[in-house]
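First comes the structure, then the notes that go with it.
The sequence lines fix the lettering, A, B, ..., with proteins before strands; numbering per chain opens at 1.
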Amino acid sequence: GENVEQHPSTLSVQEGDSAVIKCTYSDSASNYFPWYKQELGKGPQLIIDIRSNVGEKKDQRIAVTLNKTAKHFSLHITETQPEDSAVYFCAASDEAGTALIFGKGTTLSVSS
Amino acid sequence: DSGVTQTPKHLITATGQRVTLRCSPRSGDLSVYWYQQSLDQGLQFLIQYYNGEERAKGNILERFSAQQFPDLHSELNLSSLELGDSALYFCASSVLRGGYTFGSGTRLTVV
């Protein structure tokens with residue numbers, strides 16, 4: 001089955017810096033790659049997703065890139081703010097209605 | 001409010017007991033997924049239902065079971081509870097394809 005590896009497990013940046021989180025997946029059939037943000041005491045919230053027919057997608061300060069050949073995808077957050085501090089999860093599925101498999105998460109801390 | 005409702009929010013019970021967690025999916029979503037989140041294991045997929053039928057199983061223990069009812073709400077039953085079952089249990093819903101919407105979770109503490 002699918003296996004998703006996520007790095008780093010923790011990331012500390014200064015406000016205004018960029019943050020990059022990387023994930024690799026094992027199943028070449030996977031074609032849907034969402035990212036979730038989880039704040040303390042809350043459920044994960046979808047922040048951006050990408051499908052395999054697209055190499056990059058942006059939404060304001062957040063962008064995701066996908067390299068299907070290398071089976072890796074990354075989350076880029078620019079101009080980080082303290083409210084970006086949270087745990088971020090990447091995930092993968094084949095989008096045929098099968099379940100998402102999640103990475104183990106990255107705890108991002110943005111200090112002002 | 002995400003539209004996915006989970007009850008109860010907190011549950012404390014003793015080892016050996018049985019509990020039921022409930023999830024109401026977002027309106028229009030036919031798929032329901034259950035995940036277990038513990039500190040060292042991240043979000044572990046347990047089981048998926050689609051329109052009342054079991055669709056996929058993940059790392060779900062035999063002591064755990066679930067079902068989805070005709071009104072699409074789902075229940076996760078955990079029996080013969082052990083200390084190691086203490087975790088956050090999340091329900092998520094989706095249309096068949098696409099991103100999930102998660103509920104706010106049930107925190108289970110087994111003492």
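- Counting only N and O atoms by type, the side chains of S93(A) and E2(A) include no donor and acceptor under 3.5 Å apart.
- Using a 4.5 Å cut-off on side-chain heavy atoms (C-beta onward), L76(B) and L46(B) make contact.
- Counting heavy atoms from C-beta outward, T13(B) and L108(B) have side chains that approach closer than 4.5 Å.
- Of the atoms belonging to Q6(A), not a single heavy atom falls under 4.5 Å from chain B.
- Interface remark: Q6(B) contributes no atoms to any contact with chain A (heavy atom separation under 4.5 Å).
- For P44(A), the parts sitting under 4.5 Å from any heavy atom of chain B are the backbone and the side chain alike.
- Taking the six-membered ring for Trp and thresholds of 30 and 60 degrees, H73(B) and F69(B) have nearly parallel ring planes, at less than 30 degrees apart.
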